[in-house]
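Working notes, beginning with the structure itself.
The structure displayed is predicted, hence computed values, not measured ones. Throughout, numbering of the chain's residues begins at 1 and tracks the sequence. Remember, it's 1-based here, ligands and their atoms both numbered in the order they're listed. Computed over heavy atoms, backbone and side chain alike; hydrogens, waters and symmetry mates excluded.
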Amino acid sequence: MEKLNKLAIELEQTSESLKLQPDPAAVEAFRIEWLGKKGKIAGLYATMKEIDAADRREAGQRMNRLKQNAESVLEQLEQLCVQSQVQQSLQREPLDVTLPVAEHMQLGSHHPVSLMRRRVFEIFHRLGYVVYDGPDIEDDFYNFEALNIGKDHPARDMADTFFLRSHEYVLRTHTSNTQIHGMLGRTPPIKMISAGRCFRVDNDATHSPMFHQVECLAVDRGLSVGHMKGLIETFLSELFGSRVKTRFRSSFFPFVEPGAEVDCECVLCGGAGCRVCGHSGWIEIGGCGMVDPNVFEAVQIDSEEYSGFAFGFGIDRMAMLAFGLPDLRDLFVGDTRLLSQFPDQPYFSH
Ligand code: DAH
């Protein structure tokens with residue numbers, strides 16, 4: 001008991017003096033001296049046999065308490081060591097968190113195609129159109145059949161279309177598939193807009209095998225070519241401002257009648273003619289037309305009661321025009337030196 005009392009006092013004194021100047025080496029020495037295999041506590045337990053049987057119980061309890069005390073002292077000392085190390089390193093190298101960050105820090109930027117799509121959605125959202133999504137992988141019915149593109153139509157040619165699983169599925173060749181998704185099972189009025197990736201076997205300055213389109217569809221009673229033209233002109237002048245001239249050229253698409261192609265004046269040459277516009281002064285941005293009765297039939301909408309118009313424009317083409325890019329493929333090589341140049345609000349917005 002006397003030995004236990006002495007050790008308890010010694011533990012207290014040692015811990016007080018170590019706490020004054022916490023130092024990892026001294027703390028480790030303390031651990032070995034007190035709690036090590038051959039340490040003071042272990043030595044105490046070894047004397048258990050020599051203690052009278054009547055006192056053993058009390059002695060055992062006091063030994064356990066002493067051991068717990070030593071362990072908690074060790075823990076406190078270790079914490080103090082960490083704190084004092086932090087304190088020392090702060091004194092050695094003060095940190096000024098108010099200093100400005102390094103100037104070359106690179107910020108991310110939006111891709112020109114994303115900027116363009118967002119802008120198009122903003123305009124159509126304001127005009128009351130609903131934004132729909134559509135699948136990149138499509139089956140024959142939505143991409144071709146329901147759009148009045150018969151089995152022998154040249155648009156299905158292997159030279160244009162990426163087929164999957166023995167011609168059962170395709171990578172959609174246009175966003176016009178969303179017209180079918182938008183109409184099936186719905187009753188007009190329908191006003192929808194959809195944008196996304198399209199795929200075709202094509203590759204030059206104005207074509208890329210993966211490109212983006214935006215599709216617009218309106219179905220209601222009494223819609224006419226005038227409504228369509230008015231909407232497209234409103235949209236393009238919102239998008240480009242009055243800078244860009246547009247023209248409609250009569251054309252054929254199986255899912256519309258009548259149909260037209262829409263051109264914008266080439267911004268790269270100001271209409272004078274250059275390599276990008278094929279020396280014509282105009283860049284085609286897509287097609288439009290009045291929904292063909294055969295399409296209405298495929299989605300069970302009565303073409304006697306309703307009429308509609310649709311258009312599908314190339315988003316990449318519009319981005320080229322808006323940002324003055326000479327080669328469409330530059331958009332898809334992922335060179336951040338080029339892609340980070342475009343401001344979040346393109347110059348044409350107002
Ligand atoms: N889907 C056509 C294409 O990719 C573009 C198109 C033409 C979409 C006429 C339309 C339309 O909605 O009415 O070439």
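- Residue-ligand proximity, Ser176 to ligand 1, at heavy-atom distances under 4.0 Å covers atoms 1 (N), 8 (C).
- For atom 4 (O) of ligand 1, the nearest protein heavy atom (residue, atom name, distance) is Arg200 NH2, 2.7 Å.
- Side-chain contact annotation: Glu138 with His181, donor-acceptor N/O pair under 3.5 Å present.
- Taking a cut-off of under 4.0 Å to the non-hydrogen atoms of Val256, the atoms of ligand 1 that pass are 13 (O).
- When all heavy atoms are compared, the tightest approach of Pro154 to Asp160 is O-OD2, 4.0 Å.
- Comparing heavy-atom distances from atom 11 (C) of ligand 1 across Phe255, Phe211, Phe309, Phe313 singles out Phe255 as nearest.
- If you check which protein heavy atom lies closest to atom 8 (C) of ligand 1, you get Gly312 N, 3.3 Å.
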Note to self: If you apply the rule side-chain contact (heavy atoms from CB on, under 4.5 Å), what do you find for Ile301 with Val295, and how did you get there?
What the structure shows: CA-CA 9 Å; Ile301 288 178; Val295 176; over 6 Å; no

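- Counting the atoms of ligand 1 from 1 in the order shown, those under 4.0 Å from a heavy atom of Glu215 are 8 (C), 10 (C), 12 (O).
- Residue, atom and distance of the protein heavy atom nearest to atom 13 (O) of ligand 1 are Ala310 O, 3.1 Å.
- Every atom of ligand 1 with a heavy atom of Gln179 under 4.0 Å away is listed here by number and element: 12 (O).
- In terms of polar-atom proximity, Gln213 is counted as a contact of ligand 1, with an N or O under 3.5 Å from an N or O of the ligand.
- When heavy-atom distances to ligand 1 are checked against a 4.0 Å cut-off, Glu257 has no atom that comes that close, whether in backbone or side chain.
- If you number the atoms of ligand 1 from 1 as listed, the ones under 4.0 Å from a heavy atom of Gly289 come out as 13 (O).
- Note that OG of Ser208 is 9.5 Å distant from CG of Asp327, once rounded to the nearest 0.5 Å.
- Shown here are the side chain to side chain donor-acceptor pair (under 3.5 Å) partners of Ser194, two or more places apart in sequence or in another chain: there are none.
- For Phe255 and His174, the gap between ring centers is short of 6.0 Å.
- A distance-only check finds no donor-acceptor pair linking the side chain of Arg31 to the backbone of Gly36 [under 3.5 Å].
- Judged by the shortest distance from any of its heavy atoms, Gly259 lies outside the 4.0 Å radius around the atoms of ligand 1.
- A salt bridge between Glu10 and Lys3 is absent, with no side-chain N of the basic residue lying under 4.0 Å from a carboxylate O of the acidic one.
- Below 4.0 Å from some heavy atom of Phe311 lie the following atoms of ligand 1, by number and element: 8 (C), 10 (C), 12 (O).
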Show which side-chain atoms of residues 225-232 pair as donor or acceptor with protein atoms under 3.5 Å away, not counting sequence neighbours.
from   : atom 1 : to     : atom 2 : distance (Å)
His227 : ND1    : Ser224 : N      : 2.9
His227 : ND1    : Ser224 : OG     : 3.2

